[in-house]
Amino acid sequence: MHTLLIANRGEIVVRIARSAKAMGLQTVAVFSEADHDAPYLSHCDHAVAIGGSSAADSYLSIEKILRAAQASGADSIHPGYGFLSENPEFAEAVIHAGLVWVGPSVAAMRIMADKAQARAQAKRCGIPVLAGTGTASDDLQKLVHDAEALGWPIMIKASAGGGGRGIRLVQERSELQRALEGAHQEAKAAFGDGRLLLERALLSPRHIEIQIMADAHGRIIHLGERDCTVQRRHQKLIEEAPSPAVNPALRRQLGDAALALAHSVGYVGLGTVEFLLDTASTQDSAFFFIEMNTRLQVEHPVTEALVAEDLVRWQLRIAAGESLTLEQDAMLERFEQGGHAIEARLCAEDPAKDHLPQSDKLRYWLPAPELRCDAALVSGQWVSPNYDSMLAKLISHAPTRDRAIQQLADGLDRTVCLGLVNNRGYLAQVLRSATFNSGVFDTTLLHASDAFKLAATPPMLPALAALIIGCLPRDGMRDCPDSWWNWRSSGHFSTTVPLGIDDNRQSLQVTVAGDTFTIIHGARKFSIDTLQVLMEPSADQTSLLRTTLPVYVEGRGSIQCRIDGKPIKVFFSWAGDTFWLQYHDTQARFIDQRLQSSAAQTSHAGNTIRAPMHGRISQICVQDNGSVSNGQLVVIMEAMKMEHHLLAPSDAQIEHVRVRIGDQVSSGQVLITLQLP
């Protein structure tokens, strides 16, 4: 091996390239049209365009990936995770092309890539499995009959799936048809394979996985467990090692089961065997096999932290034919004495709107230095709706679980992520919750609609926003009154600043007298002094511009001041008419209403159905002049590898459908106009 092509995108490319370069390998990235200027490309020695903007037209195209390998002179391919990483046809094509495949054998992948076959294999190894269908199918009518035979509740799973895609929980017959259709479409879009299988569901389990590693010479070990119980929509959100629910005896039981399964298929390379622990069982060790992931996992950093090994480096060494030099007992000792590690997945989604994925420009990105951060982000980067919503992985490692929790929560507070709505504050809130800290919870932890409600915006943030927006001049505001440009020299200044706050227009009174600023917002009055604005430097600057009264330009930075005598520091970004502020685990967006026309301020009429995010129209369920009832499904969108159902807001007549199936739409775009009664 001398030149490694990484058949993926984003942070995992950066992660793999780091280990490959440390081994002296050349690295090759591939990129779609949507990723032509993505930051991850600069972390590789070469980059090859593969065209297309959707996953199906780019990263899921075996032919395009192989052409890129040939064009770049690559002699090996690492698939990362997601996309083609667990596709045996891809692995076979790579091997037939004479390239080194960084992954398990095609035969092992074929068994484990089909979840029905994997279940059967586990059963042959004496590992408990839940009742389910014997084969995967894309015949939805057959699956309806299979579901009725199994009984409720059941779990629908994409046979070729991973990462929570193509999974639906069905608790009664009336939910089945829509769940099957949604899982089928989502699996097809994410993996190019819409086949599904069914399995009886545990309603309150813990999700535990075992990391295994095997060489081509018969040596195989496991590296302990990871707890992936904190999930939303069957997607892991927070992972940790070791699991609070696993004792040394159970750890060895799970490890032995994982090794037996891997050995039975002649497994080579890195892999993860996943289990459910039945929290409702009276037996402490009641567990069931779910699946085996034949690839590197998103959450591998927590294992790396505990065992002090580079798992990607080992992947590459094993693919090159080297033997494992790690001993099982030594690895377990390292794991059990390695402290505690926790990973949180920072995602572009809105917790206040049922975690709706977001796509926009990331205006300001600055990760906390005390955390390991696996990311491929820069300030000013566009976050595409075509791919997964995960932005970064933030990882803490400490001697105890309590300290690891505190370190990660505090690090999230100090991680700046402004310009698009994200779950940073939500993650910190989950980490600080009494339930998570207790270690006693199951996969329903985040399910309650009122669980972990985000705190309201601190009243001081609108006051600070009004002060900065109303008093500090910036490019693009040359039509401001002259007094705004010289308010300091006049010694006194007062103005009313109209702000858009949570979709509402509010007016704040800002008064400047000497070095003190007074802001009145309704019945509240705030006194602000010792104001300092620290701008991030431009490319030709080597230090921050620090001044008490800067001439403000569009950009990003931090603000330090005292509000009612309390010293605070907040981060900000400002572009166009939008001003973002971040304070600890809270972030808020304010709209400068002075820069909007009256038409723009009243454009959100109630007689339209708008796109809640950037995405693609995959299904339209109504037509012009038709009628809809309140809550009826009208449009299905695809964004960030997920389906999103848009419903009628009330009984109405369809006036005009403004989009067609396949259209790419932007956030806020009008899709359908309605005639309301």
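Between the side chains of Gln117 and Gln121, not a single donor N or O lies within less than 3.5 Å of an accepting N or O. Asn386 and Ser54 share no donor-acceptor pair across their side chains, judged by distance under 3.5 Å alone.
Judged by distance alone, with hydrogens and angles left aside, the side-chain atoms of Arg206 form a donor-acceptor pair with the main-chain N or O of Phe441 at under 3.5 Å. Looking only at distances, a side-chain donor or acceptor of Arg334 sits under 3.5 Å from a matching main-chain atom of Val307. At distances below 3.5 Å, not a single donor-acceptor pair connects side-chain atoms of Arg226 with backbone N or O atoms of Glu240.
Aromatic ring centres of Phe275 and His207: separated by at least 6.0 Å.
Between Leu311 and Glu304 the shortest side-chain heavy-atom distance falls below 4.5 Å.
Heavy-atom contacts from other residues, nucleotides or ligands closer than 6.0 Å to NE2 of His217 number more than 12. Atom CZ of Arg403 sits in a sparse spot, with 12 or fewer heavy atoms from other residues, nucleotides or ligands closer than 6.0 Å.
Taking 4.0 Å as the cut-off between side-chain N and carboxylate O, Glu291 and Arg119 do not count as a salt-bridged pair. Note on Glu199 versus Lys115: no salt bridge recorded, every NZ/NE/NH1/NH2 to OD/OE distance being 4.0 Å or above.
The aromatic rings of Trp101 and Phe90 sit perpendicular, their planes meeting at an angle over 60°, well past the 30° parallel limit.
Evaluation of the salt bridge (charged side-chain N to carboxylate O under 4.0 Å, His left out) test over residues 253-276, restricted to residues two or more places apart or in two chains, returns Lys236-Glu274.
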message = Gln407 vs Ile342, test: side chain to side chain contact (heavy atoms under 4.5 Å, CB included). Steps then yes/no.
response = CA-CA 9 Å; Gln407 183 186 90; Ile342 310 177; over 6 Å; no

